[in-house]
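Reading through the structure tokens given below for one structure.
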Amino acid sequence: MPLPKYPTGDTVMGRWPGSSLYYEVKVLGYDSRSRLYTVIYKDGTELELKEQDIMVGPQLARSRSPGRRRSRSRSPARTTRRSSSRAAAAAAAIADGATPSRKDPKQRDALEVRLIPVLCPENKEEAQPERSQGRYNLRRRKDDGDVETVNAKPEPKQQPGATTLAAAWATPPVPLDFGGKLGAFFWLLFLPAWVLFLILQVNQEDPSLTNFPPPFPPLETFWDLRALGFVLLWILLQALLYILPIGKLSDGVPLRSGETLRYRTNGFFAFAVSAAVVAAAMYLDVDLTYIHSHFLQLAVASFLVSLLLSVYLFVRARSAGLGELALGGNSGNVVYDFFKGRELNPRIKGFDLKFFCEMRPGLIGWCLINFAMALAEMKHQGLETPSSSMILVNVFQLLYVIDGLWNEEAILTTMDLMHDGFGFMLAFGDLVWVPFTYTLQAYYLVDHPNPLSLPVLFAIVVLKLVGFYIFRKSNSEKNAFRRNPSDPRFSHMKTIPTATGKSLLVSGWWGVVRHPNYLGDLLMALAWSLPCGFRHLLPWYYMIYFIILLVHRDSRDMSDCRRKYGSAWDEYCRTVRYRIIPRVY
Ligand SMILES: NC(=O)C1=CN([C@@H]2O[C@H](COP(=O)(O)OP(=O)(O)OC[C@H]3O[C@@H](n4cnc5c(N)ncnc54)[C@H](OP(=O)(O)O)[C@@H]3O)[C@@H](O)[C@H]2O)C=CC1
Ligand SMILES: CC(C)=CCC[C@@H](C)[C@H]1CC=C2C3=C(CC[C@@]21C)[C@@]1(C)CC[C@H](O)C(C)(C)[C@@H]1CC3
């Protein structure tokens with residue numbers, strides 16, 4: 001009779017079925033006939049695992065942090081056979097909104113049954129490998145309050161370390177994004193070249209594709225020391241506003257180490273002061289149309305800053321601890337890692353470089369540039385006030401930025417902040433791409449007027465508002481849920497539990513499509529391009545780029561979530577079938 005390799009009571013790493021992730025589990029018992037171990041995960045889920053799905057993690061010792069939630073063991077091998085009709089009845093009662101009671105055995109059964117599809121998916125693709133490897137039996141622990149979680153009842157507030165245990169142990173090889181090493185090399189060269197092309201193209205009297213390529217200006221016109229000075233001054237001003245001890249301190253999501261970082265979310269304050277500084281500059285007769293006339297030089301200076309920053313980030317990541325590195329971006333290939341970003345949250349003392357760059361100089365700079373374009377339009381076209389198209393573009397994008405800054409805390413639960421390393425892609429994206437390409441519509445309108453009739457104007461405003469509503473509501477819903485799943489507003493919502501302790505929302509906005517926030521954002525992007533008319537493709541660049549970005553982001557997020565949540569994610573995808581546009585995509 002084979003002896004169990006892992007004795008009862010041992011804490012080991014158990015693979016979550018359907019995923020490549022290992023979680024801390026406690027061995028509850030071993031069945032020598034089936035050669036299966038009964039293990040319990042930190043969230044109370046019990047499974048029977050084969051020996052090859054268990055390992056002793058090298059990081060086990062590190063993970064035993066004081067904040068860790070301890071799982072209580074219970075007697076092993078309690079296999080329960082249940083009547084499916086009884087369970088179905090109870091499940092229906094719960095679906096109808098009845099509160100599951102721990103004392104009601106029928107409902108308890110249903111709670112367990114609800115989990116069965118997670119491990120016995122109809123989705124053959126996912127199910128096959130598991131089945132061929134043997135039997136898994138998922139049973140939910142019932143004695144510690146998890147009952148409510150399963151049925152969308154308030155989830156326990158997430159404990160640092162308890163929710164993010166997955167990746168801490170197993171850093172499974174993360175597939176390379178962006179076309180891998182060669183792809184990263186391509187993007188490194190292509191992205192700056194593309195920004196240059198857009199700027200040169202929009203400068204042409206007729207920026208149509210027939211005028212491609214735009215004339216290449218003499219090399220000396222690329223450089224202006226004053227432009228570099230302005231860029232540095234702007235970044236310094238933003239840095240100063242960021243470090244001022246004014247405004248709220250917000251907690252980020254718990255890191256793999258269990259630690260939670262704090263962020264000063266005073267973006268709106270920074271915006272207001274920046275606006276006052278710009279107003280003061282105008283009062284002192286500073287000609288803001290300089291931004292329009294020296295757009296190329298300002299972009300080149302910002303590019304230089306982003307490049308230096310990326311080199312600094314890459315070098316400093318060499319001395320970062322394992323737990324401080326992002327899961328992607330540490331492939332060992334210099335080009336890929338430089339592009340993707342190695343360190344997750346590079347900080348100089350309390351100064352968070354990624355958060356700062358994403359939310360401040362480029363984002364607030366975007367509004368400043370748009371405003372300068374409106375002034376340039378008035379100057380070039382001899383107008384008393386900016387055109388209605390220019391006003392729409394300015395107001396729409398201003399609303400987008402102000403909303404982002406007002407809800408700055410919500411950025412802490414986005415992919416960039418939670419998962420992506422900080423490297424060239426984000427440094428360049430934040431400091432060059434956002435301010436110098438997202439402003440293209442306003443730049444275009446300076447010399448390419450597009451008068452709007454009142455009904456068209458009205459229709460565009462309605463489109464923007466609808467998009468904004470979907471965008472804001474869905475982002476806030478997810479952010480609030482991630483921050484406090486026990487919030488009463490989620491008590492009637494359906495969720496799917498995952499082995500990480502986090503749940504997935506399956507009703508509300510996140511039950512309509514898998515990325516409702518992208519849908520709202522795309523509608524807004526449409527509303528930003530429409531005021532520029534259809535004469536040229538150039539002002540539609542943002543719309544086209546954004547579709548590509550969000551479709552790619554969605555698929556990146558899908559694979560990340562699949563890796564994190566395993567079969568629970570498959571269950572979510574089966575329940576919420578469309579990604580971004582209901583019934584279309
Ligand atoms: N203007 C621009 O250039 C850009 C704008 N954006 C906008 O930024 C915002 C943030 O986008 P982004 O960071 O890409 O992604 P999301 O804000 O959509 O975050 C995705 C994460 O949300 C969590 N999640 C996914 N599904 C669920 C669910 N059903 N229930 C609960 N949590 C879920 C997962 O993280 P976990 O489970 O780990 O918490 C997932 O990794 C969006 O509105 C987007 O449109 C994005 C890119 C560019
Ligand atoms: C091609 C290339 C270099 C891509 C880099 C992508 C970045 C430009 C974007 C990644 C995610 C972003 C977000 C915003 C701006 C663009 C980047 C940095 C954002 C700050 C815009 C304002 C929104 O309200 C937002 C806070 C939701 C948003 C977050 C994501």
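Here, residue 1 is the first one in the sequence, and each next residue gets the next number.
Tyr541 and Tyr438 are not linked by any side-chain donor-acceptor pair at a separation below 3.5 angstrom, with hydrogens and angles left out of the test. Checking Asn479 against Asn475 by side-chain atom types alone, no donor-acceptor pair falls below 3.5 Å. Looking at His536 and Asp206, their side chains do bring a donor and an acceptor atom within 3.5 Å of each other. A donor-acceptor contact under 3.5 angstrom links the side chains of Tyr400 and Asp521, judged on distance only.
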### Message
Please evaluate residues Tyr263 and Asp251 with respect to the criterion side chain to side chain donor-acceptor pair (under 3.5 Å), reporting the C-alpha separation (whole Å), side-chain torsions for both, the decisive distance (0.1 Å), and the verdict.
### Response
CA-CA 6 Å; Tyr263 297 83; Asp251 284 341; over 6 Å; no
Please list, one pair per line, the donor and acceptor atoms closer than 3.5 Å that link side chains of residues 295-302 to other protein atoms, with sequence neighbours excluded.
unit_1: Gln297; atom_1: NE2; unit_2: Thr221; atom_2: O; d: 2.8
unit_1: Ser302; atom_1: OG; unit_2: Leu298; atom_2: O; d: 2.9

Exercise answer: donor-acceptor pairs, residues 226-240 side-chain atoms, under 3.5 Å, sequence neighbours excluded:
unit_1: Trp234; atom_1: NE1; unit_2: Pro361; atom_2: O; d: 2.9
unit_1: Gln238; atom_1: NE2; unit_2: Ser274; atom_2: OG; d: 3.0

Could you list the donor-acceptor pairs under 3.5 angstrom formed by side chains in residues 577-585, with sequence neighbours left out?
unit_1: Arg579; atom_1: NH1; unit_2: Asp554; atom_2: OD2; d: 2.6

Under 3.5 Å, which donor-acceptor pairs do the side chains of residues 449-470 form with other protein atoms, sequence neighbours left out?
unit_1: Asn450; atom_1: ND2; unit_2: Pro531; atom_2: O; d: 2.8
unit_1: Lys464; atom_1: NZ; unit_2: Phe396; atom_2: O; d: 3.1

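Residue pairs meeting the salt bridge (Lys or Arg N to Asp or Glu O under 4.0 Å) criterion with at least one member in residues 380-397: none, sequence neighbours excluded. Screening residues 360-382 for salt bridge (Lys or Arg N to Asp or Glu O under 4.0 Å), with sequence neighbours left out, gives Asp287-Lys379, Arg360-Glu408.
Residues passing the side-chain hydrogen bond (donor to acceptor under 3.5 Å, both in side chains) test with Lys248, sequence neighbours excluded: Glu409. Looking at residues two or more places apart in sequence or on another chain, you find no side-chain hydrogen bond (donor to acceptor under 3.5 Å, both in side chains) involving Asp285. Take Tyr572 and apply the ring pair (Phe, Tyr, Trp, His ring centres under 6.0 Å) test, not counting sequence neighbours, and it matches Trp569. Residues passing the ring pair (Phe, Tyr, Trp, His ring centres under 6.0 Å) test with Phe197 are Trp194, Phe212, sequence neighbours excluded. Partners of Phe269 under the ring pair (Phe, Tyr, Trp, His ring centres under 6.0 Å) rule, at least two apart in sequence or in another chain, do not exist in this structure. Under the ring pair (Phe, Tyr, Trp, His ring centres under 6.0 Å) criterion, Phe268 pairs with Trp406, sequence neighbours left out.
Ion pairing between a basic and an acidic side chain is recognised when a charged N comes within 4.0 Å of a carboxylate O; Arg553 and Asp416 show such pairing. Checked for salt-bridge contact, Asp420 and Arg556 meet the test: a charged N lies under 4.0 Å from a carboxylate O.
Within 6.0 Å of the CZ atom in Phe216, the count of heavy atoms belonging to other residues, nucleotides or ligands exceeds 12. Within a 6.0 Å radius of CZ in Phe185, no more than 12 heavy atoms belonging to other residues, nucleotides or ligands are found.
Aromatic rings from Trp540 and Phe534 are positioned such that their centres are separated by under 6.0 Å.
In this pair, Phe428 and Trp433 present their aromatic rings tilted. The plane angle is within the 30 to 60° band. Ring geometry, Phe314 versus Phe338: the interplanar angle exceeds 60°, so the pair is classed perpendicular (tilted spans 30 to 60°).
Under a 3.5 Å cut-off, the side chain of Ser474 and the backbone N or O of Phe471 do form a donor-acceptor pair. With hydrogens and angles ignored, the 3.5 Å screen pairs a side-chain donor or acceptor of Asn333 with a backbone N or O of Tyr336. Between the side chain of Ser293 and the main chain of Thr289, a donor-acceptor pair closer than 3.5 Å is present. A donor-acceptor pair is defined here as one N or O able to donate and one able to accept, closer than 3.5 Å; such a pair exists between the side chain of Asp337 and the backbone of Ser331. A distance-only check finds no donor-acceptor pair linking the side chain of Ser503 to the backbone of Thr495 [under 3.5 Å]. No donor-acceptor pair closer than 3.5 Å links the side chain of Ser476 to the backbone N or O of Lys473. Under a 3.5 Å cut-off, the side chain of Ser559 and the backbone N or O of Ser555 do form a donor-acceptor pair. At least one donor-acceptor pair closer than 3.5 Å links the side chain of Asn330 to the backbone N or O of Ala326.
In summary, of the residues considered (Lys354, Arg316, Arg318), a salt bridge (charged side-chain N to carboxylate O under 4.0 Å, His left out) with Glu343 occurs for Arg316 alone.
When all heavy atoms of Leu225 and Trp223 are compared, the closest pair comes out as CD1-CZ2, 3.9 Å. The shortest non-hydrogen separation linking Leu526 to Met543 is N-SD, 3.4 Å.
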